Structures are given as structure tokens and as C-alpha cells.
Protein chains: 2
Amino acid sequence: MATSMALRVGKVDRILDALGDTTRRRIIRLLSTGPMSVSELAKPLDITVTAVTQHLRILQSCALLTSHKNGRVRMCSLDATGFETLEYWVRDCRTSWERRLDRLGTILEEDDT
Amino acid sequence: MATSMALRVGKVDRILDALGDTTRRRIIRLLSTGPMSVSELAKPLDITVTAVTQHLRILQSCALLTSHKNGRVRMCSLDATGFETLEYWVRDCRTSWERRLDRLGTILEEDDT
DNA sequence: GCCATACTGAAGTCTTCACTTGACTATTTC
DNA sequence: GAAATAGTCAAGTGAAGACTTCAGTATGGC
């Protein structure tokens with residue numbers, strides 16, 4: 001990222017930055033089948049537990065994931081909070097210009113490439 | 001990205017990769033107020049038109065954006081298709097383990113960090 | 001207590017990808 | 001037709017960040 005970024009990024013930006021990585025998406029897919037520990041995640045992903053921890057921190061910081069440590073084992077599960085935030089954004093994003101289309105649809109016509 | 005990636009990525013993966021960039025999100029926010037040309041986008045973003053074109057290609061390849069060239073001017077607008085795909089994914093993702101929580105909620109209890 | 005297990009932290013490497021520049025191809029206007 | 005405008009293409013640069021390794025800190029079992 002050559003752009004400034006990180007300077008006052010909102011919730012949604014942090015969520016989309018987090019989801020913009022293959023490994024983190026794979027973590028989410030794994031967890032959608034049920035809670036898993038750090039090393040249980042590392043195995044199928046075929047990366048070190050350190051790498052997993054780093055991803056967990058990011059996913060947790062934008063409320064896509066929660067974890068609680070039980071003894072020496074950290075158990076991870078998905079967090080609805082972040083997904084709800086994202087869902088609202090996507091819907092807003094879609095409807096905002098669908099409304100515009102409705103308004104204009106009857107008035108204008110399009111030309112194609 | 002040090003991971004292999006790009007080897008058989010699905011629609012949603014492409015969408016989330018696209019949205020995982022600040023500039024592309026800013027393009028989407030600009031377009032949510034109405035269609036704009038390439039150079040109209042470049043101005044507020046404060047990057048070259050070349051850079052904008054590159055982002056447009058990516059956004060278009062995952063159906064977040066459509067454009068039609070009218071003379072020498074390319075007009076860009078958002079495309080509902082990609083956003084719908086994403087909305088479904090987010091919802092699925094959320095509900096999949098909310099159902100699990102419902103099933104387990106009455107049976108087990110949690111312990112905290 | 002001692003060894004194994006489960007994870008965390010700091011520091012370094014290496015790849016990807018966002019952006020630029022410079023040259024080129026339409027279109028529009030005069 | 002020349003000049004200006006709008007955009008595209010190819011190639012190169014720089015930085016962000018996804019990994020790794022190695023060392024360190026709990027916790028659990030013997």
C-alpha cells in the first residue's frame with residue numbers, strides 16, 4: 001500500500017483490509033465450522049503458529065473474531081459484530097445508488113461500450 | 001501476499017481482494033454519489049489517471065463496477081452484481097455459526113480470557 | 001522439579017502490488 | 001489538419017505486510 005492509509009480508518013475499512021487476505025479468509029472459513037485453537041488452525045493452513053497469531057490479532061481488532069484462553073490453549077470463534085457492520089455497509093452501498101437508478105431510470109437512457 | 005493465491009480464487013475472494021485496498025474503496029464511495037469519468041475520479045483521489053484505470057480494471061473484473069465509453073470519455077458506475085454476491089457471503093458466513101451457537105447455547109457454557 | 005506443549009514477541013526476509021513515468025492511440029475542437 | 005483532451009499500455013520503483021526463525025513465557029502432566 002503506497003497510499004497514506006491507517007490515518008483515521010473507520011471500522012469498515014479495517015474489516016475490509018482484514019478480509020483482503022487469503023489466509024485470513026481461510027481462517028474464517030475454518031472457524032465457520034466451529035471453534036478451533038491456534039495450533040489446530042495452523043495445521044491445515046500449513047503456516048507457523050506465529051503467523052496464525054498475527055492474523056488472529058488483526059481479525060480480532062476489527063471484531064471478526066473472538067478468542068478466550070483456557071489454560072494454555074486459545075480457542076477462537078467468529079464474532080458476529082464485524083460481519084454485521086460489513087453487512088450494513090454492503091447494503092447501504094448497494095441501495096445508495098439503486099435509489100439513484102430508480103430516480104433516473106425513467107428519465108435517461110444509456111449508451112454502451 | 002506470500003501465499004500462493006490466485007490459484008482458483010472464487011468470486012468472493014476476488015471481491016474481497018479488490019475491496020482490501022483504500023483507494024478502490026474511495027473510488028466506490030465516490031461512485032456511490034453518481035457516475036464519474038476516469039479523470040473526474042483521479043482528481044479527488046490525487047493519483048494519475050493511469051492508476052485509476054488500473055483500479056477500474058480490478059473493480060470491473062469482479063463486477064463491483066461497470067463502465068461504458070462514450071466518445072473518448074469512459075463513464076463509471078457501481079455494479080450491483082458484485083455487492084449482491086458479497087452480501088450473500090457475509091450473511092451465510094454469519095448465519096452458519098449463529099445456527100451453531102443456537103444449537104450449543106443451551107447445552108454448554110463458556111469460560112473467559 | 002522437569003520436560004513437553006501452546007502460545008507470544010521481536011527482528012529479519014522477500015514478494016506482491018500500488019503507483020509513477022513516458023510513449024502511444026483515439027476522439028474532439030478550432 | 002493541428003492542437004488539445006481522454007484514456008491506455010509497458011516497464012520500473014518503492015513500500016507495505018505476510019511470512020519465517022529464534023528466543024521467551026505460561027500451563028499441564030509425569
Side-chain angles (χ1 to χ4, degrees), chain A residues 1-7 9 13-28 31 35-62 64-77 111-113, chain B residues 1-7 9 13-28 31 35-62 64-77 111-113:
Chain A
M1 218 163 290
T3 39
S4 60
M5 152 88 215
L7 292 166
V9 256
D13 293 76
R14 299 241 307 288
I15 290 171
L16 287 170
D17 275 329
L19 292 174
D21 175 75
T22 315
T23 308
R24 283 194 287 269
R25 286 194 299 268
R26 291 179 68 197
I27 290 177
I28 283 171
L31 289 178
M36 294 176 80
S37 72
V38 179
S39 29
E40 277 171 347
L41 284 167
K43 210 174 301 169
L45 292 170
D46 201 37
I47 54 175
T48 60
V49 286
T50 309
V52 175
T53 308
Q54 287 163 352
H55 287 303
L56 294 182
R57 196 178 0 254
I58 292 168
L59 288 169
Q60 205 153 5
S61 77
C62 59
L64 288 169
L65 184 142
T66 24
S67 67
H68 55 277
K69 207 162 185 179
N70 208 352
R72 58 185 171 179
V73 177
R74 155 151 277 131
M75 266 307 190
C76 307
S77 16
D111 40 301
D112 237 295
T113 309
Chain B
M1 220 163 289
T3 38
S4 62
M5 150 90 217
L7 292 165
V9 255
D13 294 75
R14 299 240 308 287
I15 290 171
L16 287 170
D17 275 329
L19 292 174
D21 174 75
T22 315
T23 308
R24 283 194 286 270
R25 287 195 297 268
R26 291 180 66 198
I27 290 178
I28 284 170
L31 290 178
M36 294 175 82
S37 72
V38 178
S39 28
E40 278 171 347
L41 283 168
K43 211 175 300 170
L45 292 170
D46 201 38
I47 53 176
T48 60
V49 286
T50 309
V52 174
T53 308
Q54 287 164 353
H55 286 303
L56 294 182
R57 198 181 357 254
I58 292 167
L59 288 169
Q60 206 154 5
S61 77
C62 60
L64 288 170
L65 184 141
T66 23
S67 68
H68 55 277
K69 206 163 185 177
N70 207 353
R72 58 183 171 183
V73 177
R74 155 151 278 130
M75 267 308 192
C76 308
S77 15
D111 39 302
D112 237 295
T113 311

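Chain A is the first sequence line, chain B the second, and so forth, proteins listed ahead of strands; every chain is numbered from 1. Because the structure is a prediction, the values reported are computed rather than measured.
- Summarising the geometry, the separation between CD1 on A/Ile27 and C1' on D/dA18 is reported as 11 Å, rounded to the nearest angstrom.
- When the P atom of D/dA18 is taken as reference, atom CG of A/Leu45 falls 14 Å away, rounded to whole Å.
- Counting heavy atoms from C-beta outward, B/Asp21 and B/His55 have side chains that approach closer than 4.5 Å.
- Rounded to a whole Å, the CD1 atom of A/Ile47 is 17 Å from the P atom of D/dG17.
- Atoms NZ (B/Lys69) and C1' (D/dG7) sit 5 Å apart, rounded to a whole Å.
- When the side-chain nitrogen and oxygen atoms of B/Arg57 are compared with OP1 and OP2 of D/dC9, one or more of them lie within a distance under 4.0 Å.
- Residue contacts shown for B/Val49 include a base, since a base heavy atom lies under 4.0 Å away.
- For the pair A/Arg24 and B/Glu40, both in contact range of DNA chain D, the more 5′-proximal nearest nucleotide belongs to B/Glu40.
- Residues B/Arg74 and B/Val38 meet the side-chain proximity criterion, which asks for heavy atoms closer than 4.5 Å.
- One can place CE of A/Met36 at 15 Å from C1' of C/dA6, the figure rounded to the nearest angstrom.
- For the pair A/Asp21 CG and D/dA16 P, the computed distance is 17 Å after rounding to whole Å.
- Residues A/Cys76 and A/Leu31 share a closest heavy-atom pair of O-CD2, 3.4 Å.
- Counting heavy atoms from C-beta outward, B/Leu56 and B/Ser67 have side chains that stay 4.5 Å or more apart.
- Between A/Thr53 and C/dT8, a side-chain N or O to OP1/OP2 separation shorter than 4.0 Å is present.
- B/Ile28 places a side-chain heavy atom less than 4.5 Å from the side chain of B/Leu19.
- For the pair B/Leu41 CG and D/dA6 P, the computed distance is 13 Å after rounding to whole Å.
- Between A/His55 and D/dC19, a side-chain N or O to OP1/OP2 separation shorter than 4.0 Å is present.
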Tell me, for nucleotides 21-30 of chain D in 5' to 3' order, what letter each nucleotide earns: B for a base near a protein heavy atom under 4.0 Å, S for only sugar-phosphate near one, - for neither? BB----BS--
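- Rounded to the nearest 0.5 Å, atoms OG1 (A/Thr22) and CG (B/Asp17) are 5.5 Å apart.
- Atom CE in A/Met36 sits 5.0 Å away from atom CG in A/Leu41 (nearest 0.5 Å).
- For the pair B/Arg24/B/Gln54, no side-chain contact is recorded, criterion being any heavy-atom separation below 4.5 Å from C-beta on.
- When the C1' atoms of four end pairs are superposed on the next four at each end of the helix from C/dG1-D/dC30 to C/dC30-D/dG1, using five pairs per end, the two resulting axes differ in direction by 20°, to 10°.
- For the pair B/Ser39 and A/Ile58, both in contact range of DNA chain D, the more 5′-proximal nearest nucleotide belongs to B/Ser39.
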Which atom pairs, one a donor and one an acceptor, fall under 3.5 Å between side chains of residues 42-52 of chain A and the rest of the protein, sequence neighbours left out?
{"residue": "A/Thr48", "atom": "OG1", "partner": "A/Ala51", "partner atom": "N", "Å": "3.3"}

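- At whole-Å resolution of the value, CG in B/Leu19 and P in C/dC17 are 15 Å apart.
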